[in-house]
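Data block below; observations after.
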Number of protein chains: 2
Amino acid sequence: MARTADPRAKIELLRSAEAVFAQKGLTAARIEEITKRAGLSKGAFYLHFESKEAIFRQVVESFLARCRACMLSPDEVENLPGDPAEVVQFCHARDVEVYEFLWQNRAILAILQACEGEHVYLMRAFRDEMTSNCRMWIELWKKKGLFRDDVSSDVAAALLSGAYHELAGKMISAPKRPPIDEWLRQALSVFVDGLGTPTLSHAIARFQNRLRVSKGIG
Amino acid sequence: MARTADPRAKIELLRSAEAVFAQKGLTAARIEEITKRAGLSKGAFYLHFESKEAIFRQVVESFLARCRACMLSPDEVENLPGDPAEVVQFCHARDVEVYEFLWQNRAILAILQACEGEHVYLMRAFRDEMTSNCRMWIELWKKKGLFRDDVSSDVAAALLSGAYHELAGKMISAPKRPPIDEWLRQALSVFVDGLGTPTLSHAIARFQNRLRVSKGIG
DNA sequence: CCCTTTACTGACTCGCGGGTCATAATAGGA
DNA sequence: TCCTATTATGACCCGCGAGTCAGTAAAGGG
């Protein structure tokens, strides 16, 4: 009867690969380093993965799929809020949820930031996903009369996704978890004032007052 | 008497290197390809540059120096505007000038976007320069009572630099020159509304009306 | 023209690291 | 315990590309 594979081997390899790719990037990461870290041989690596590129793709693509699942688009959300005050709360809660996910996966995010050459499509895919998601939400809020019409959805999406992406970068480069809730509250305030109609701007002002009271901040 | 060097050899090598790095990134770019493109031999390359990394650094660092010179900080500008209307005009003009420079150097910007491994410091330097520059301007406008106090300068700087960086990325990935003036006008409008005090917001509204009239846009 | 010094050439060297494969080890069933 | 099929090992292979260097070319002066 055949010897059975160690059920933990593949998982250890994936974990080690993630860590080494995050630290070194794809090019400088070596199979030797990954396998040593996982406590396995180089030969064993090729029993589980076809190539260096194959494991790289698996690490990153599974993250992108989970990321995709986390960033819902408007037609994937049930019971969309209508009231401006609820819209503001909804957006903040969603931002916090996405950034919690990104914080938990900050190693892979660091990998993505450093994709080069033929793998730059992965980084591009991630950023395009963010931009596209932003654009869909922007168009919904425009349709509901909550966002201004004179800024094109493309430009607005680029500004939003660029800004939030930079916040993500700032978050993952911090030595320990920063006050991301507060960052997101401020960011939301800036963009609601910048892109929102007066109705929505009033709602953000009230939302912030409520947050301050609940945190005991004068 | 010694043979003199071809004065154009080094320049051709730098030009070719820039093009190949922009297309392939540092890792996949080969000396053979750079020299063939420049019409020289591999051996000649090493008469002018110590290594592949040396020429890479020269290409990128000279761009960063020129970039630094283009993005003036507040203490480098004479006759700073005081009137809100003039502030808005000044900021727009400066944005346009910086983005014209970035458009002219879009190949090197593409190189920077793909820095990996031990060269990621170059990309980091570029982005930190942008963020730091934003922060200085933000703090000036805050001091003049034109920007709101409740958004921290760090967060505001991250949002601004991230957003403008994404606009730069969107610009350089366009097949031909996009309407960057219009993009920058919209971006400025969003951020003045998002970060500015009412005084400044009124100024942006008037600035936009004036722009529309001068362009014949209803 | 010859001489000298340097630029230039391109075949070659050599180290690196992804991937291979002969051999050893082991899990599970009889 | 033995047998079988598979896992696992790590020395080795081999292609790639940065960099080298013996030989050639050429600029400029005498």
Side-chain angles (χ1 to χ4, degrees), chain A residues 1-61 111 114-120 122, chain B residues 1-61 111 114-120 122:
Chain A
M1 195 54 164
R3 173 180 181 174
T4 56
D6 180 355
R8 305 191 66 249
K10 190 166 183 178
I11 293 170
E12 285 300 322
L13 285 168
L14 282 165
R15 276 196 177 141
S16 298
E18 181 183 311
V20 177
F21 288 141
Q23 189 188 357
K24 300 281 181 71
L26 172 64
T27 304
R30 288 179 303 114
I31 301 293
E32 184 97 41
E33 191 175 357
I34 292 167
T35 53
K36 179 160 294 185
R37 193 183 174 109
L40 290 166
S41 67
K42 261 181 93 177
F45 176 88
Y46 291 95
L47 291 176
H48 297 275
F49 299 97
E50 190 185 323
S51 64
K52 184 178 173 186
E53 173 169 323
I55 193 171
F56 180 78
R57 248 193 282 113
Q58 186 167 332
V59 167
V60 173
E61 285 176 355
I111 297 174
C115 279
E116 187 188 44
E118 60 173 288
H119 295 103
V120 80
L122 293 168
Chain B
M1 191 59 157
R3 171 180 179 176
T4 56
D6 180 354
R8 304 192 65 251
K10 189 165 183 179
I11 294 169
E12 285 300 321
L13 286 169
L14 281 164
R15 276 198 179 140
S16 297
E18 182 183 310
V20 177
F21 288 140
Q23 191 188 356
K24 298 281 180 71
L26 172 64
T27 304
R30 290 178 301 114
I31 302 292
E32 184 95 40
E33 191 176 354
I34 290 168
T35 55
K36 179 161 294 189
R37 192 184 174 110
L40 290 165
S41 67
K42 262 182 92 177
F45 177 89
Y46 292 95
L47 291 175
H48 297 275
F49 299 98
E50 190 185 322
S51 62
K52 183 177 170 185
E53 172 170 324
I55 193 172
F56 179 78
R57 247 192 284 111
Q58 188 169 328
V59 168
V60 173
E61 285 175 355
I111 296 174
C115 280
E116 186 189 45
E118 62 176 286
H119 295 103
V120 80
L122 292 168

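Letters go in sequence order (proteins before strands), and every chain restarts at 1. Just so it is clear, the model here is predicted, and its values are computed rather than measured.
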In whole angstrom, what separates [X]'s [atom1] from [N]'s [atom2]?
{"X": "B/L13", "N": "C/dA7", "atom1": "CG", "atom2": "C1'", "answer": "13 Å"}
{"X": "B/E32", "N": "C/dG10", "atom1": "CD", "atom2": "C1'", "answer": "9 Å"}
{"X": "B/I31", "N": "C/dG10", "atom1": "CD1", "atom2": "C1'", "answer": "15 Å"}
{"X": "B/K36", "N": "C/dG10", "atom1": "NZ", "atom2": "P", "answer": "10 Å"}
{"X": "B/F49", "N": "C/dC8", "atom1": "CZ", "atom2": "P", "answer": "12 Å"}
{"X": "B/Y46", "N": "C/dC12", "atom1": "OH", "atom2": "C1'", "answer": "14 Å"}

Could you write out each protein N or O paired with an N or O of nucleotides 28-30 of chain C at a distance under 3.5 Å?
from, atom 1, to, atom 2, distance (Å)
C/dG28, OP1, A/T4, OG1, 3.4
C/dG28, N2, A/M1, N, 2.8

Review point. Which part of the nucleic acid, if any, lies within contact of B/L47, taking any heavy atom under 4.0 Å across all strands shown: a base, the sugar-phosphate backbone alone, or nothing?
Key: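 Counting heavy atoms under 4.0 Å across all strands, the contact made by B/L47 includes a base.
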Practice item. Would you mind classifying the nucleic acid contact of B/A44 as base, sugar-phosphate or nothing, using non-hydrogen atoms under 4.0 angstrom? Key: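 The residue B/A44 makes base contact.
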Exercise for review: Check whether any side-chain nitrogen or oxygen of B/H48 sits under 4.0 Å from OP1 or OP2 of C/dC8, and answer yes or no.
Suggested key: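 True: B/H48 side-chain N/O within range (under 4.0 Å) of C/dC8 OP1/OP2.
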Review point. Any side-chain N or O of A/K52 under 4.0 Å from OP1/OP2 of C/dG18?
Key: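 It does, given that an N or O in the side chain of A/K52 lies less than 4.0 Å from OP1 or OP2 of C/dG18.
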Under 4.5 Å between any side-chain heavy atoms of [X] and [Y], yes or no?
{"X": "A/I55", "Y": "A/F45", "answer": "yes"}
{"X": "A/L26", "Y": "A/K52", "answer": "yes"}
{"X": "A/R30", "Y": "A/V20", "answer": "no"}

Review point. If you walk 5' to 3' along DNA chain D, what is the first nucleotide with an atom under 4.0 Å of a heavy atom in chain A, and what is the last?
Key: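 That gives a stretch of D/dT4 to D/dG10.
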Pairwise distance [atom1]([X]) to [atom2]([Y]) - rounded to 0.5 angstrom:
{"X": "A/E61", "Y": "A/L122", "atom1": "CD", "atom2": "CG", "answer": "6.0 Å"}
{"X": "B/D6", "Y": "B/L47", "atom1": "CG", "atom2": "CG", "answer": "12.0 Å"}
{"X": "A/S41", "Y": "A/E32", "atom1": "OG", "atom2": "CD", "answer": "10.0 Å"}
{"X": "A/H48", "Y": "A/Q58", "atom1": "NE2", "atom2": "CD", "answer": "12.0 Å"}

Exercise for review: Report the residues that fulfil side chain to side chain donor-acceptor pair (under 3.5 Å) with A/R8, sequence neighbours left out, ordered by chain and then residue number.
Suggested key: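 Only A/E12 meet the side chain to side chain donor-acceptor pair (under 3.5 Å) criterion with A/R8.
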**Study point:** Contacts of A/E33 that satisfy side chain to side chain donor-acceptor pair (under 3.5 Å) - sequence neighbours left out
**Key:**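 Scan of A/E33 (side chain to side chain donor-acceptor pair (under 3.5 Å), adjacent residues dropped) gives A/K24.
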Point to revise | Set of ring-ring contact (aromatic ring centres under 6.0 Å, His included) partners for B/Y46, sequence neighbours left out | key: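 Checked B/Y46 against ring-ring contact (aromatic ring centres under 6.0 Å, His included); zero matches.
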Review point. Does CZ in B/R15 sit with more than 12 non-hydrogen atoms of other residues, nucleotides or ligands closer than 6.0 Å?
Key: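 Atom CZ in B/R15 is not crowded, with 12 or fewer foreign heavy atoms closer than 6.0 Å.
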Exercise for review: Can you pull out how bent the helix from C/dC1-D/dG30 to C/dA30-D/dT1 is, comparing the axes over its first five and last five pairs, to 10°?
Suggested key: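 Axis angle across the helix from C/dC1-D/dG30 to C/dA30-D/dT1, nearest 10°: 0°.
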Check your understanding: With nearest nucleotides of DNA chain D determined for A/S41 and B/A29 from heavy-atom distances, which residue corresponds to the more 5′ nucleotide?
Key ->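 Its nearest nucleotide lies further toward 5', so the answer is A/S41.
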